Amino acid sequence: NVIKEQDSYAGSQSNVLDVRDDGNVKGAGKNVSGDQQKWYHAGAGIKSDLAARLPYYFSDFKDGVVGKNTLQKTISTTLFLYFSVILPAIALGVLNNKTTHGDISVHQVLVGQTFGAIAFALFAGQPLVVVMTTAPLALFIKTIYSIAYQNNIDFLAFYAAIGLWN
């Protein structure tokens, strides 16, 4: 018997278990007993998504610069997104600077968005992912700052711990 778990998002098989006649399950190079049939690996969904997207990965980047008028379209889209993302980042960065008394400023917001956007573009399976600071995030930062201030906790350490936890 073979048990296949379907990943409903990507439509790919994330885990395949081979159930033997003696009740043991062979999976991932080791035998496990029948009561441990349901198991998951950390990052299995990301791995299957990237494996499904890998054949198209290079062409996604290539299609943005090769072909008729693609360079013109890429440059105009890049400039449009640059200004539509940078203006809210500056405005909300100023707001964060005021609410956190300089702990998070425009510079940190721009650097964070830049590194976040590069990571998303490389690892999200598509080159165009819009990453922006939003007003609810600014309110979240204000709330975290007020909690840290009231409880005499270092804000940046508290903010980092919350970011890592989530």
Side-chain angles (χ1 to χ4, degrees), residues 4-16 40-166:
K4 295 181 182 178
E5 294 184 13
Q6 289 283 26
D7 183 1
S8 62
Y9 174 71
S12 62
Q13 297 175 1
S14 58
N15 296 326
V16 177
Y40 299 95
H41 286 96
I46 293 173
K47 181 181 174 185
S48 67
D49 286 348
L50 286 177
R53 193 72 197 146
L54 193 60
Y56 310 104
Y57 189 76
F58 179 71
S59 71
D60 285 343
F61 289 94
K62 182 188 73 155
D63 292 344
V65 292
V66 175
K68 183 179 180 184
N69 295 330
T70 54
L71 190 58
Q72 177 185 358
K73 292 176 186 176
T74 300
I75 291 172
S76 64
T77 303
T78 302
L79 288 174
F80 170 74
L81 286 174
Y82 174 78
F83 288 110
S84 67
V85 169
I86 199 162
L87 294 177
I90 292 171
L92 294 171
V94 169
L95 179 64
N96 287 337
N97 188 31
K98 287 181 182 177
T99 59
T100 63
H101 302 289
D103 284 343
I104 296 179
S105 66
V106 176
H107 181 261
Q108 283 93 352
V109 170
L110 291 176
V111 170
Q113 279 192 199
T114 300
F115 284 117
I118 289 170
F120 269 87
L122 294 177
F123 300 115
Q126 58 185 1
L128 179 60
V129 178
V130 179
V131 180
M132 317 179 38
T133 300
T134 59
L137 182 61
L139 292 172
F140 182 66
I141 291 171
K142 181 180 180 179
T143 304
I144 292 172
Y145 184 82
S146 65
I147 291 170
Y149 181 76
Q150 290 171 359
N151 294 308
N152 260 351
I153 300 171
D154 180 34
F155 165 70
L156 292 177
F158 188 53
Y159 184 63
I162 290 172
L164 291 174
W165 181 260
N166 289 323

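Residue numbers start at 1 and run along the sequence shown. All of these numbers come straight from a predicted model, not from anything done at the bench.
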Discussion item. Set out, in order, the CA-CA distance, both residues' side-chain angles and the distance that settles side chain to side chain contact (heavy atoms under 4.5 Å, CB included) for V109 and L92, then state yes or no.
Written reply: CA-CA 8 Å; V109 170; L92 294 171; over 6 Å; no
Item to complete: Looking only at non-hydrogen atoms, find the nearest pair between L95 and A138 and report the distance.
Response: CD2-CB, 3.9 Å
Worksheet item: Under the side-chain contact (heavy atoms from CB on, under 4.5 Å) test, which residues partner F115, sequence neighbours left out?
Response: V111
Item to complete: Mind checking side-chain hydrogen bond (donor to acceptor under 3.5 Å, both in side chains) for T100 and listing every partner two or more places apart, or none if nothing turns up?
Response: none
Practice prompt. List the atom of P88, the atom of M132, and the distance in Å for their closest heavy-atom pair.
Written response: CG-CE, 3.7 Å
Worksheet, complete the sentence: residues 135-152 vs side-chain hydrogen bond (donor to acceptor under 3.5 Å, both in side chains), sequence neighbours excluded, gives none
Worksheet entry | Where at least one partner belongs to residues 69-95, residue pairs that pass ring-ring contact (aromatic ring centres under 6.0 Å, His included), sequence neighbours excluded | none
Worksheet item: Can you list every pair that meets side-chain hydrogen bond (donor to acceptor under 3.5 Å, both in side chains) and has a residue in residues 103-119, with sequence neighbours left out?
Response: S105-Q108, Q113-T133
Response to the item:
What one should report as the nearest heavy-atom pair of L110 and A89 is CD2-CB, 3.8 Å
Practice prompt. Mind checking side-chain contact (heavy atoms from CB on, under 4.5 Å) for K73 and listing every partner two or more places apart, or none if nothing turns up?
Written response: N69
Worksheet item: Of all residues at least two apart in sequence or in a different chain, which pass the side-chain contact (heavy atoms from CB on, under 4.5 Å) check with S76?
Response: none
Practice prompt. Decide yes or no for F158 and I162: does some side-chain heavy atom of the first lie under 4.5 Å from some side-chain heavy atom of the second?
Written response: yes
Worksheet entry | Residues forming a ring pair (Phe, Tyr, Trp, His ring centres under 6.0 Å) with Y159, sequence neighbours excluded | F155
Worksheet item: Where is the tightest heavy-atom contact between V106 and I90, given as atom of each residue plus distance?
Response: CG2-O, 3.8 Å
